[in-house]
Amino acid sequence: MMVNSFSQFESPVFLTIPLILLALILPWAFYPSRLHDDSSNRTLTLQNWFIGRFAKQLLASSTPKVHLWATLLVSLMLYIISLNLLGMLPYTFTPTTQLSMNMGLAVPLWLATVLVGFRNQPTLSLAHLLPEGTPTLLVPLLIIIETISLLIRPFALGVRLTANLTAGHLLIQLIATASLAFMWIMPAIATLTSILLLLLTLLEIAVAMIQAYVFVLLLSLYLQENS
Amino acid sequence: MLSRVVFVSGMRSRGPYMLGTGLILYMLSKEIYVINHETIAALTIGAIAVYGIKKFGPDVAAFADKLNEEKVAQFQEVKDHAMSSLVQAIENEKKEQWRVDGRSMLFDAKRNNVAMMLETNYRERLHMVTNEVKRRLDYQIALQNLHRRMELEHMVNWVEKSVISSISPQQEKESIAKCITDLKALAKTTQAKATA
């Protein structure tokens, strides 16, 4: 039952079984492992091509130490992009709209990049807190600002993903409700609203893919900075 | 059996479409499925999906096929390369075997060469020896000829000397006077022939 507009984002529970687990495991079914190298399945070929291209593009300009994170980053990207795109279908639940899940992804990974940096090259990691060529008077202020910017990164990562997807889903729901409401009263307005919904859905599909990419890209950048 | 009746009756299989329509109308009329905002969203997504697949489907399929072709071509190339290198190895082996067969011919040819060289050398030496012997014999002949000629000349000189010495002065005068009278007579006859 529609209590308020945000009720679509409640974690679904069916007979006290949290269905979010099912939603989280579902993308696993879409990426079968490469059984044989000579399999000529079109879907698998395209998937492998996409994964190869993405991995190469993400890790092209990085040291071999960063390449240790390749599996994690590529699988994270695939996971988030499939969760987002599956959420575009009707009557589905998108786990990435839950702030808890996104923070659960962002905070440990960001913390790992920072700790890796501090462990391997502490001086260089601390040196990132002060950009080159700042006037001497501004140094204390700038260090404080850079520290705050460093500490706010996980929140930015998590909240960015959550906010984008939540806003998108919310807009789709509102405009679809408006279109439905107008359909019996003023069909012309309903048509316009439907066209708006079409454009918005296109945007949302793009946003779903871009947000996943941005998440992983920023993580790889933080890693390269600290590696 | 019922499914066969439902689905296969008639020339075109209208069964599934009838079932689908009936189900949808049933669920709508009984409000088992309620039309809400998600329906509109589903229609929108469905339209986008259908449009995307219709427009980009063949290109994407061709691209995937091309990737598969490249993969198969790579394997094929490896296989072809291996096979061609093996065929090349077989040819090389056959050539080596032919070479080994021809080895005895090579030895024969070399043996012939060596024999010819020895023969040539022998003939050269023989020739040289013959020439030297001939030269020495020619020298002896020339020596003998020289001896004979010198003897001849000496004998002729001795004969001349003795003849000249045997001629007395009286005989010499007589012979000279006779020669003069002969010459005069000859001159007269010649003159007479000239004027006649």
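A note on names: the letters A, B, ... follow the listed sequences, proteins ahead of strands, and every chain is numbered from 1.
Heavy atoms of B:L43 lying under 4.5 Å from chain A are absent altogether.
Per-residue counts of heavy-atom pairs under 4.5 Å with chain B were compared for A:I175, A:L198, A:N41, A:L174; the largest is that of A:L198. Of the listed residues A:L89, A:L180, A:T43, the one with more heavy-atom pairs under 4.5 angstrom with chain B than any other is A:L180. If you tally non-hydrogen atom pairs under 4.5 Å between each of A:L202, A:L197, A:L200, A:I172 and chain B, the highest count goes to A:L197.
Listed by chain and residue number, A:W49 satisfy the ring-ring contact (aromatic ring centres under 6.0 Å, His included) test with B:F63 (two or more places apart in sequence, or in another chain). When the salt bridge (charged side-chain N to carboxylate O under 4.0 Å, His left out) test is applied to A:K65, no partner is found at least two apart in sequence or on another chain.
Rounding to the nearest 0.5 Å gives a distance of 8.5 Å between OG1 of A:T45 and CG of B:D65. If you take OG1 on B:T44 and CE on A:M88, they are separated by 11.5 Å, rounding to the nearest 0.5 Å. The structure places OG1 of A:T92 at 7.5 Å from CD of B:E38, a figure rounded to the nearest 0.5 Å.
Considering every non-hydrogen atom in both B:T39 and A:Y91, the closest pair reads OG1-OH, 4.1 Å. B:I40 approaches A:S179 most closely through the heavy-atom pair CG2-OG, 4.1 Å. Residues B:A41 and A:A176 approach most closely at N-CB, 4.4 Å, considering heavy atoms. Here the shortest heavy-atom pairing between A:R42 and B:A64 reads CG-CB, 3.8 Å.
The salt bridge (charged side-chain N to carboxylate O under 4.0 Å, His left out) analysis of residues 73-95 of chain B, with sequence neighbours excluded, yields no pairs.
Counted within 6.0 Å of CE on B:M27, heavy atoms from surrounding residues, nucleotides or ligands total more than 12; the atom is thus considered enclosed. Under a cut-off of 6.0 angstrom, the local environment of CG in A:L192 is crowded, with over 12 non-hydrogen atoms contributed by other residues, nucleotides or ligands. Around atom CZ of A:F155, no more than 12 heavy atoms belonging to other residues, nucleotides or ligands sit under 6.0 Å away. For B:E69, the CD atom is loosely surrounded, since the number of other residues' heavy atoms within 6.0 Å does not exceed 12. More than 12 non-hydrogen atoms from other residues, nucleotides or ligands lie less than 6.0 angstrom from CD of B:E70.
Residue-level contacts of residues 46-61 of chain B with chain A, in order of numbering, are B:I48, B:V60, B:A61; threshold 4.5 Å between heavy atoms.
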